Enquirer: 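Supplied in structure tokens, the structure appears directly below.
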Amino acid sequence: MHRLIAPTRILRPRVFSSARLHRHLHHDHGTSTVNAAEIAHFSRLSSLWWDEHGEFAMLHRMNPHRVDFVRAKLREVGLEEEGEGWAAARGARVLSGLDVLDVGCGGGILTESLTRLGARTLAVDASESNVAIASLHAAADPHLASSMADGALEYRHTSSEVLAQEAKRFDVVCSMEVIEHVDNPAAFLRSCAELVKPGGHLILSTISRTPLAYLTTILFAEDLLRLVAPGTHTYAKFINPSELVDFFHREGWIARVEPTRREAEVRGMVYLPWKGDWALVPRGFRSSVAETNYLFWVRKPATSL
Amino acid sequence: MSLKRVASGSTSRVLKQTRLLPSRIHRYYSTPTSSNAPEDSDVVIVGGGPAGLALASALGSSDAVKQNLKITLVEFGDLEKVRGWNMPSDAFSNRVSSLTNVSQNFLEEIGAWDLVDEGRTCGLEEMKVWDGISDARIDFNAATLGLGSSMTAGNQMARLTENLNLQRGLLRHLDQHTNVSLLDNTKVDSIHHDGNDADGWPAVHLSNGKVLRARLLVGADGFNSPVRSYAGIESYGWNYPTHAIVATLQHAPRSLQPNTTAYQRFLPTGPIAFLPLSPTASSLVWSTRPALAAALKQTDPLVLVRMINAAFRLPEVSLRYLHDRILEASTAGAPLTPSEITDEIAWRERAHDIHEYSAYASASVDPVSVNIGIPPEGAELLPPLVENIQPGTVASFPLRFNHAEAYVGEGRGARTVLVGDAAHTIHPLAGQGLNLGLGDAECLARCITGAVQRGGDIGSHTALLPYARERYFENHKMMSAVDKLHKLYASTAPPVVWARSVGVEVLNELDALKAGVMASAGAGPGPGRGDASWGMAASGVEALVGGARVVTAVRDGVRAVGVGALQQLAQSLAGRSR
């Protein structure tokens, strides 16, 4: 199905009014947006992070596609701004030497890939056990162990809010499958945005708050098929692409409500059960089906506004 | 700090900064098993046969892999012998494979085909296959079926290539790539799991005392694969009551046509195949009963020559008689002499009214004179008369069917993957074994390259999953098609013979359907072409269904004989696009 989604027209009336949406995203309470119950939940699952047949099988299979999206966006922007010469010289190594932050790294599934691709990676998680598991796993891999030894890979038990108070800023900030688990998405997004260097990239992946998403990610994946541990997702915390666009419009990263391809992009991601694999929905911002899982890329303006 | 304690660590507040020092962590994973410090290698390939060499070659030619991975190939034998393999241009090795166009395109893409001596190979333009009992025929012709591609010269459905020629080319190609280290004359003594849980890596202990820790261990180590045993992957299969005799055949050049046609006759004892190599040389693959194979191997080569010529020409009943005579004489310790077998065959020819000018005559004529001048009517239906067997090329081996239950190891056997004969052993009636192995190598190399480009761990299940998914079913289809064909043609029961013959003859009349059978053959890796071919096949079937007479033929014939099996076989013979 190739369905046109005009976020402002179709999605808004469903659950919230525009004003309520904004409140939903902008309601700050407390300094840490991390939910204690959520942390406990993942701590129980930590040791299963690297079981590719277990709870996180879906995430393991999704990961190559998330990496594809990150690489594609960096390459696209690089090609546009630096030209063919840059692209030819870089080849496939678009992440090489960049400072990359992975917020909510979990067991390090994305982190390890980013590091292998040459990024200087800092990965943080609010769960101490996740950080320990991720560190142990990386240390067992000689390549990643040497990255850890020379500082190209670092895991820290902290949050984006705490990090934002430090001086270090990043070329790329990734936060995959995290925002739907935090209590205060607006504050969380603001801290992630703060951590991006001017002209840098912020890449998120999350789940739309649609009936279809409820059916697939909660009813089927958790309750019926048990592909994912029940309790992993909370429907009310799902966030629609339009809400993210709207947020960054208000933050001044996106000039108009409908962003240009240089400003932001939403790419739907669908699980194809008959292939046992995920696939990125063919590109095009307006037409990208983002009814359930999607990736979101946004560029911080080179000059601060 | 144990894993357990880590897992139950504090989850309450985000205050403390936890940072594990790599050096501290590494200790938990080191193992004190070997006195030799293990050496890490990203890919360890065990086995330097065609599949292992092709995988190493493909990985060596990929830029992404070159920049990131260290590859080691371990081979028990002496690769120097393969590298230095040399034969006069009129002599040929007895192990020949029919490389599909897809296989050849793959070798061209990785840059290895240029290093194969193409002058020693032979493009296959036509294939004539017939039933040993009913003589029902099916012809595949590359030109009329529109096969061939821009990458391959002219119209060809496959290219007959000596395995050694291919292996030597692959080795020459590997010598150009420094990220692949070759350890030959080296035996794998044992493989251990290096670690306490699924996170451990396979550690390969070598006869030279070295220990290689493999991020990914590839079993290209043949039928009795030690890697498969280490991975704990079961394999199922059976032995056919059949041995294959191979030999290099010498004959005069054909007068009116080039020697670019393969012939295969399905006898109840197994198929006999004639595969062209040069104008004056061809390769034999004759599958038959083990006792007969043994007897034929021991006879005077001229007796074998006579028997080969007869096997393509005489009615099945006479062949059965001749086989019995050979066996009797062999058991009695007095093998038939060339003149005795010639008399026997000549007598059978007279009994069947095959006169000396017939294309079906072999004993009553002098092969040298028959292959010269205007050939008799119907000569193109049969291979040229064989005159001699290249000395030292007669060999035989048992036929097996074997398929591993999985291609990728799990649990304590994780970080392992099987390719080639380690994963599957197949009846050679279509010469498909090598193509399956090359297909595995191509797919696995693509899979590894893809994982490297996405920063994946190439030993992880996630990275290897596409390989298993793509190859397992593909290989299984081909293997069961070949197996079904073998069983189908082993039958002499009249209804089966009739059914398979009607099916084959109907099929033979329909070029569109045949084009579909050969499918995207030779088209190279263009998916569109494949679809079009199957569309053609579909319209062929529709046209067929149009007439009531043929409807019956389709129902009783085509389906009964399992033309599906023939389709899959022929399709892969010609190669298919992905």
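The shown structure was predicted, so the numbers you read here are calculated from the model rather than taken from an experiment. Note on naming: letters A, B, ... go to the chains in the order of the sequence lines (proteins, then strands), and numbering restarts at 1 for each one. All values below were derived from every heavy atom in this structure, side-chain atoms included, with hydrogens, water molecules and symmetry-related copies excluded.
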Enquirer: For B/D457, is it the side chain, the backbone, both, or neither that has a heavy atom closer than 4.5 Å to a heavy atom of chain A?
Expert: both
Enquirer: Of the backbone (N, CA, C, O) and the side chain (C-beta and beyond), which part of A/R61 lies under 4.5 Å from a heavy atom of chain B, both, or neither?
Expert: both
Enquirer: Looking at CD of B/Q67 and CZ of A/R93, how far apart are the two atoms once the value is rounded to the nearest 0.5 Å?
Expert: 6.0 Å
Enquirer: Start with the C-alpha gap between B/E410 and A/E52, add the side-chain angles, then the distance that decides, and say whether side chain to side chain contact (heavy atoms under 4.5 Å, CB included) holds.
Expert: CA-CA 10 Å; B/E410 288 181 19; A/E52 291 174 86; over 6 Å; no
Enquirer: What part of A/R66 gets closer than 4.5 Å to chain B, counting heavy atoms only: side chain, backbone, both or neither?
Expert: neither
Enquirer: Rounded at 0.5 Å granularity, tell me how far CD1 in A/I109 sits from OG1 in B/T462.
Expert: 8.0 Å
Enquirer: Going by residue number, which parts of residues 115-123 of chain A are within reach of chain B, meaning a heavy-atom gap below 4.5 Å?
Expert: A/R116, A/L117
Enquirer: Can you check whether A/R71 reaches B/Q453 side chain to side chain, under 4.5 Å on heavy atoms?
Expert: yes
Enquirer: Highest number of heavy-atom pairs under 4.5 Å with chain A: which of B/G459, B/A64, B/S460, B/P466?
Expert: B/S460
Enquirer: List the residues meeting side chain to side chain donor-acceptor pair (under 3.5 Å) with A/S113, not counting sequence neighbours, and say none if there are none.
Expert: A/N63
Enquirer: Examine whether an atom of A/E112 lies under 4.5 Å from a heavy atom of chain B, and if so say whether it belongs to the side chain, the backbone or both; otherwise answer neither.
Expert: backbone
Enquirer: Which heavy atom of A/P142 sits nearest to which heavy atom of B/W201, and what is that distance?
Expert: CD-CH2, 3.3 Å
Enquirer: Measure distances from A/H143 to the heavy atoms of chain B and classify the residue's part below 4.5 Å as side chain, backbone, both or neither.
Expert: both
Enquirer: Looking only at non-hydrogen atoms, find the nearest pair between B/R454 and A/P64 and report the distance.
Expert: NH1-CB, 3.3 Å
